[in-house]
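Since the structure comes first, as structure tokens, the remarks are kept for the end.
All values below were derived from every heavy atom in this structure, side-chain atoms included, with hydrogens, water molecules and symmetry-related copies excluded. First the proteins, then the strands, lettered A, B, ... as listed; each starts at 1.
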Amino acid sequence: MAPILAIAIGALFGTGLYLMLRRSLVKLVLGLSFLAHGANLLIFGVGGLVEGHPPIVAEGETVLVPPYADPLPQALILTAIVISFAVTAFALVLVYRARESLGSDDLDDLGGTRT
Amino acid sequence: MSFSKAGHEVRRGPLLILLIVVLAGFVAAPLAPWLCRSLGATRGGALLALVPLTLCATLAAIGPEALAGRGIFEAHPWVSGLGVGLDLRLDGLALVFALLITGIGSLVVLYAGAYLGDPGQAGRFLLFLLAFMASMLGVVLADGVITLFVFWELTSVTSWLLIGFDHEKAESRRAALQALLVTALGGVALLAGLLLLGAAGGSMRLSELEGARSAILSSGLYEAILVLVLLGAATKSAQFPFHFWLPNAMAAPTPASAYLHSSTMVKAGVYLLARLSPTLGATELFTLTVTSLGAATFVLGAVLAAPQTKLKRLLAYSTVSSLGLLVMLLGVGTQAAVVAAGAYLVAHALFKAALFLVAGAVDHETGERDVEKLGGLRSAMPITAAAAGLAALSMAGIPPLLGFVAKEVVYEAALPAPGGVLVIGLSVVANALLLLVAFESGVRPFVGALRETPRKPHEAPAALSVGPVLLGAAGLALGMAPALASSLFVDGFVASVHGEAPGKPLSFWHGFTPALGLSALTVVIGLAAVALRATLRRAGRNLAAAARFGPERAWDALWSALLSIARAQTDLLQGRRLRHGLALTALASGAFVVSGLLAGGLRLPPIDVVSAPLAEWALGGLLVLGCVAALLARTALAAVAVLGIIGTLVTLVFARFSAPDLAVTQFVIETLTVILFVLVLFHLPNYARLSRPSTRLRDGLLATSFGVVMTLLALSVGSLRRDDSITRFLAAESVPGGHGRNVVNVILVDFRALDTLGEITVLGVAAVGAFALLKLRPRG
């Protein structure tokens, strides 16, 4: 993998972790999204980066003819993208409701609440 | 041992008789609540008592056949895949136990219905009790090693239900859990021991393992097997230092105590030792450990029993003592000792069950269970008093009861045993103390002046007095006709455990033997103890106070230590703050990657900075810049805008490296995510810095190191050897098997369609949850 892409993956992971370690609920959810991008790109890289050969069987063939990009990680990532969207959406609604009911998005304020 | 391979005589049981005997209780148990509700507790109990009674009659009918050869064998398929069968066997040893279990069982079931009275309570109790009885029958009829273990554990579970029957009381729950943990831990040891035994002996059948004795003794596993099996037997039969759970188990309703803690469950350990004696016994190690274990428990139980004043506690500690005696006799292992064990086993089951049932009846009719506050009940409860008297005389070893005959043979067996003088001395003292217990529990409540009790005493109803009367009478009848006890119980027991049936039957009069002298001495000391009981009790109380620092204290400490460790570990890993757990997770995964790099499983390729094309530099560089911008963003909206840009850049990476589906999906999803963020952030104006600079610095260092480690991982993934057989399968089968040219799509909707279904479910649940949170409000 190109070194610059590896550095970008590291940056995504680091940013995601830093944001998730904040007390703000919004930053927590943002961090989760960054972490998801990093993870998806890492899996993508494990599959090997191939240019210009999507895993689509050409007309007239019955099998994929090498070289082709590995379809397996792509299928995994596709699922991951959709699920992380579901999680993010639900988390955002939770943040909204927490703010509405408790008047705060500071995780440390939520610890002792009983409502 | 007289059993040779040549004499391997296998009798098939008629039909499935043993299987039916084992399963009948399990079938009848679920009917108990329904029967008690529709017929009432007393009549329901009486009807259900017919189940064990029928089983008892059946066993008595096939008994002679079982005693004729090596027993009746049955093999039923069970878990064939693992080579485990439901192998059953009825021989002399199993027959004695099975008759006691079903015979006393029928009396206890009858008693329990009337004792509990309330149909709901009685139904639930009898459900557990019958299930327990069936499990116990499974233990004693098992020939397969795994069969034995499964039923063994079932007795632990069902007795847990019975001890914790009054589950509203914390004391009951604690006692039940303690009994379950102690016996189940022993059960784990037993399982290991049995599996080793099977491996060493080359068979998973107890009957065949008896023939493999020499192979087992020379296998090098013998010591381990013996220790593990002893742990199982000692925990179940409440041997020192595991004796403490049994008196606590008195939290159970009295019928359960009478059944489990006198005649059956606690005897399972004794049964196990008897069953394995031909296989593991008669070695120096076996004799030494088992004899001393039993002797220690015998004496300790008697000493702890004497100062008790609560009826059930008196009986519980004396049961510990009697179990110790039985274990000691099996440890000695001579034919005379095995005869004594068989005789005492039967005598003890009869008098102890009777005394427990009497204790329950006294409690039931007077509301008092402290012997110091009871007295003179003989006129109010004459029938119960007579039964109690018979049982107490048997326990005290007074002629002409079975207890006397049994004690005679115990002394006869102990006299020539190794360390005889010590064993005899201890036995006399322990037996004298048991005489005191017999007096306190079976005589004292009924003699002297009538004492004031919470309820006005009157005779127990028939269902409560049938059991004690029959058990007491049986002790008398068998004591007067000991030859009958021999042919019914003891001969078969001895033939199974020791190999040869005894030459002469038990007899009442042995002449003026040393054993008779010892019996007389025991009675004299015992009566002296009765006379001096107030003094003894004061001395004993100090002892009992000291005993509180015994094994039970150690057990409690162990238990609370376990809970503290669990709590501390949970606090550390999943504490109150999400970010602590998160930081730990990041540190741990980083450590895995670093150790992979250090160990050489992951290798960094030579870094080639120059040849990467400009497009990749641009994409990567912009991604890094985006991350920096997100970290520096002063408003949430700015951070979300950056997230949108990052998403677009990731889309471009997918598009460049041959993943059109990912690019399309990512683009759509990213747009939706940004819209959602903006909608929510519209209501959340602040984006304040909440943590101190030092915290930010610490988190920044952690996050940076994590990022660096993940970069190293991304660089080195090329060095991982991947199994691409799945990819090749997908590439080849997509068109012929999945009828689609876009392989990624075929994977999602065909090869891994169930995953996609799960994914859709997650989306659906999230949508419903979000809707509920936004739209539904609590009333008011």
Are the side chains of [X] and [Y] in touch, meaning some heavy atoms are under 4.5 Å apart?
X: B:Leu713; Y: A:Phe13; answer: no
X: A:Tyr18; Y: B:Arg696; answer: yes
X: A:Tyr96; Y: B:Leu679; answer: no
X: B:Leu681; Y: A:Val26; answer: yes
X: B:Phe677; Y: A:Val29; answer: yes
X: B:Met710; Y: A:Leu12; answer: no
X: B:Phe654; Y: A:Ile77; answer: yes
X: B:Leu763; Y: A:Phe85; answer: yes

Option in [options] with maximal non-hydrogen atom pairs under 4.5 Å from chain B:
options: A:Val63, A:Val65, A:Leu78; value: A:Leu78
options: A:Thr88, A:Asn40, A:Val93, A:Leu94; value: A:Val93
options: A:Thr79, A:Leu28, A:Leu72; value: A:Thr79

I need the [X] [atom1] to [Y] [atom2] distance, nearest 0.5 Å.
X: A:Leu21; Y: B:Arg579; atom1: CG; atom2: CZ; value: 8.0 Å
X: B:Asn742; Y: A:Ile56; atom1: CG; atom2: CD1; value: 4.5 Å
X: A:Ile9; Y: B:Leu712; atom1: CD1; atom2: CG; value: 12.0 Å
X: A:Asp70; Y: B:Leu730; atom1: CG; atom2: CG; value: 8.0 Å
X: B:Leu582; Y: A:Leu35; atom1: CG; atom2: CG; value: 8.0 Å
X: A:His37; Y: B:Thr651; atom1: NE2; atom2: OG1; value: 8.0 Å

Report the residues that fulfil side chain to side chain donor-acceptor pair (under 3.5 Å) with B:Arg741, sequence neighbours left out, ordered by chain and then residue number.
-> none
Spell out the residues in residues 699-709 of chain B that have some non-hydrogen atom less than 4.5 Å away from a non-hydrogen atom of chain A, in order of number; otherwise answer 'none'.
->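 Within residues 699-709 of chain B, near chain A: B:Asp699, B:Gly700, B:Leu702, B:Ala703, B:Phe706, B:Gly707.
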Which residues in residues 746-757 of chain B have a heavy atom less than 4.5 Å from any heavy atom of chain A?
-> B:Ile747, B:Leu748
With a 4.5 angstrom heavy-atom cut-off, which part of [X] approaches chain A: side chain, backbone, both or neither?
X: B:Ala586; value: side chain
X: B:Leu773; value: both
X: B:Leu662; value: both
X: B:Glu670; value: side chain
X: B:Ile760; value: neither

Shortest non-hydrogen contact from [X] to [Y]?
X: A:Pro3; Y: B:Leu715; value: CA-CD2, 3.9 Å
X: A:Pro55; Y: B:Val744; value: CG-CG2, 3.8 Å
X: A:Ile4; Y: B:Gly621; value: CG1-N, 3.7 Å
X: A:Ala8; Y: B:Val624; value: CA-CG2, 3.8 Å
X: B:Val680; Y: A:Leu92; value: CG1-O, 3.8 Å
X: A:Phe34; Y: B:Ala630; value: CZ-CB, 3.4 Å

Does B:Leu584 CG have over 12 foreign heavy atoms under 6.0 Å away?
-> yes
Could you have a look at [options] and say which one has the most heavy-atom pairs with chain A under 4.5 angstrom?
options: B:Thr665, B:Thr673, B:Leu643; result: B:Leu643
options: B:Leu625, B:Ile669, B:Val762; result: B:Ile669
options: B:Thr711, B:Leu774, B:Val735; result: B:Thr711

Engaged part of A:Ala91 at the chain B interface, taking heavy atoms whose separation is under 4.5 Å | neither
Chain B heavy atoms under 4.5 Å from A:Glu100: which part of the residue, side chain, backbone, both or neither?
->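 Side chain only.
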What pairs of donor and acceptor atoms, side-chain ones from residues 42-51 of chain A against any protein atom, are under 3.5 angstrom apart with sequence neighbours left out?
| from | atom 1 | to | atom 2 | distance (Å) |
| --- | --- | --- | --- | --- |
| A:Glu51 | OE1 | B:Arg656 | NH2 | 3.1 |
| A:Glu51 | OE2 | B:Arg656 | NH2 | 3.4 |

Donor-acceptor contact below 3.5 Å, side chain A:Gln74 vs main chain B:Ser658 =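 Such a contact is found between A:Gln74 side chain and B:Ser658 backbone.
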